[in-house]
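Only one structure is covered here, and it is reproduced in the block below.
Predicted, not measured: the structure shown is a model, and the values here were computed from it.
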Amino acid sequence: MTNVVILISGRGSNMEAIVHACQREGWPGRVAAVIANRPQAAGLGFAQAQGIATAVVDHRSHPSRESFDAELMQVIDAHEPALVVLAGFMRILTPGFTAHYAGRLLNIHPSLLPAFPGLHTHERALEAGCRLAGATVHFVTAELDHGPIVAQAMVPVLPDDDAERLAARVLVLEHQMYPRAVRWFLEDQLRIEGSRVHHVQGHAQLFV
């Protein structure tokens, strides 16, 4: 059985969506472990209730990013994952970490990349007067919130939107898109060709 390891920092709602989809759809793989960098991460309780192994690698106990990432890699690799999934994992990863998992490390970011990398994406989209907003699943590289794009979700920005309302609508699509992207990977449907991702069976990459 192909193993997936998911990294979280808080509730992990995308992690929950992935676990439920995997169980419901009978994927050719399983979520083998959920790892958090915060002991109080609420998603750990959900994972434990599903019988999934959990672990905490507390970034506050490490003197540097390199030290933290080194321990995190050891904990991840104990599960021999084919794929590592970032689901609200609020840490900037070192180049050594991203190189170690190159081609098998996915992230979801709440904007239509390459627009608005980093934090406060919905506020920035509203401030810029964007008519559309959304989220992006991408393979992770050393450059923050960059890397080959697997899929994107899009919603219109409504006249009465604030950041909270916009984020809630985008999150609904994230919960549909991220599990689909993970399943594509497990079914060997994705090929990275330079800076682009090719879908072997021509899957739609845009969710609206």
Side-chain angles (χ1 to χ4, degrees), residues 3-22 29-48 50 52-62 64-111 113 116-122 135-151 153 167 170-171 173-175 177-182 185-186:
N3 287 344
V4 176
V5 170
I6 303 179
L7 307 185
I8 64 171
S9 291
R11 174 189 164 194
S13 68
N14 273 306
M15 174 269 294
E16 292 185 15
I18 290 167
V19 169
H20 284 315
C22 182
R30 67 181 183 121
V31 178
V34 173
I35 302 170
N37 66 305
R38 295 173 178 167
Q40 69 274 23
L44 293 171
F46 167 84
Q48 291 162 359
Q50 303 299 311
I52 299 170
T54 62
V56 175
V57 181
D58 194 337
H59 64 278
R60 295 171 298 182
S61 65
H62 289 271
S64 67
R65 293 187 189 278
E66 289 75 14
S67 172
F68 169 73
D69 281 5
E71 182 182 352
L72 182 60
M73 285 190 287
Q74 288 184 340
V75 176
I76 293 170
D77 288 348
H79 298 280
E80 300 182 341
L83 178 66
V84 178
V85 174
L86 308 181
F89 188 65
M90 303 303 290
R91 298 294 299 168
I92 296 175
L93 299 166
T94 60
F97 186 99
T98 58
H100 183 69
Y101 297 106
R104 55 191 182 110
L105 180 61
L106 286 179
N107 181 49
I108 192 163
H109 181 74
S111 80
L113 292 174
F116 310 122
L119 301 175
H120 310 300
T121 57
H122 302 299
T136 304
V137 177
H138 65 99
F139 284 99
V140 177
T141 62
E143 187 173 1
L144 179 66
D145 294 330
H146 285 70
I149 291 173
V150 176
V170 170
L171 189 62
L173 289 182
E174 289 183 35
H175 292 166
M177 174 175 61
Y178 211 4
R180 190 80 57 84
V182 172
F185 182 95
L186 294 176

inquiry  = Using only atom types and a distance under 3.5 Å, with no angle test, would you say the side chain of S9 pairs donor to acceptor with the backbone of M90?
reply    = yes
message = With rounding to the nearest 0.5 angstrom, report the CG to CD1 distance, L105 to I76.
response = 8.0 Å
remark   = For L186 and G29 the tightest heavy-atom approach is CD1-CA, 4.2 Å
ask   = Taking only residues at least two apart or on different chains, which pairs with a member in residues 93-103 satisfy side-chain hydrogen bond (donor to acceptor under 3.5 Å, both in side chains)?
value = D69-T94, D77-H100, D77-Y101
task = Just jot down the side chain to side chain contact (heavy atoms under 4.5 Å, CB included) partners of N3, sequence neighbours excluded, or say none.
result = R30, A32
ask   = About how many Å separate NE2 of H59 and CD1 of I92, when rounded to the nearest 0.5 Å?
value = 11.5 Å
message = Contact between V85 and Y178 at the side-chain level, heavy atoms closer than 4.5 Å - yes or no?
response = yes
Point-to-point distance, once rounded to the nearest 0.5 Å, from CD1 of I6 to CG of L83 = 8.5 Å
message = Could you work out, with side chain to side chain contact (heavy atoms under 4.5 Å, CB included) as the rule, every residue matching S64, not counting sequence neighbours?
response = E66, S67
request  = For the residue pair F89 and I35, establish whether any side-chain heavy-atom pair is separated by less than 4.5 Å.
outcome  = no
key: Residue pair N107, D145: steps toward the side chain to side chain contact (heavy atoms under 4.5 Å, CB included) verdict   = CA-CA 8 Å; N107 181 49; D145 294 330; 3.8 Å; yes
message = Just to verify, what does F116 make a ring pair (Phe, Tyr, Trp, His ring centres under 6.0 Å) with, not counting sequence neighbours?
response = none
key: Donor-acceptor contact present, side-chain H62 to main-chain R60, <3.5 Å   = no
ask   = Which value, rounded to the nearest 0.5 Å, describes the distance between L144 atom CG and H109 atom NE2?
value = 7.5 Å
query = Quick one: are F97 and F68 in side-chain contact, heavy atoms under 4.5 Å?
reply = no
ask   = Do M177 and I108 have side-chain heavy atoms sitting under 4.5 Å apart?
value = yes
Could you list the donor-acceptor pairs under 3.5 angstrom formed by side chains in residues 10-22, with sequence neighbours left out?
unit_1, atom_1, unit_2, atom_2, d
S13, OG, H175, NE2, 3.0
N14, ND2, E174, OE1, 2.9

Contacts of type side chain to side chain contact (heavy atoms under 4.5 Å, CB included), residue E80, not counting sequence neighbours = none
task = Only counting residues at least two apart or in another chain, list the ones meeting side chain to side chain contact (heavy atoms under 4.5 Å, CB included) with Q74.
result = none
message = Are the side chains of L86 and L93 in contact, using a 4.5 Å heavy-atom criterion?
response = yes
message = Before you tell me yes or no, could you show the steps for V170 and T121 under side chain to side chain contact (heavy atoms under 4.5 Å, CB included), namely the whole-Å CA-CA distance, both residues' side-chain angles and the distance that decides it to 0.1 Å?
response = CA-CA 11 Å; V170 170; T121 57; over 6 Å; no
message = Can you list everything that forms a side chain to side chain donor-acceptor pair (under 3.5 Å) with T141? Sequence neighbours excluded, please.
response = none
request  = Kindly give the heavy-atom pair with the smallest separation between V34 and L44, and that separation in Å.
outcome  = O-CD2, 4.0 Å
query = Sequence neighbours excluded, which residues qualify as side chain to side chain donor-acceptor pair (under 3.5 Å) partners of T136?
reply = Q152
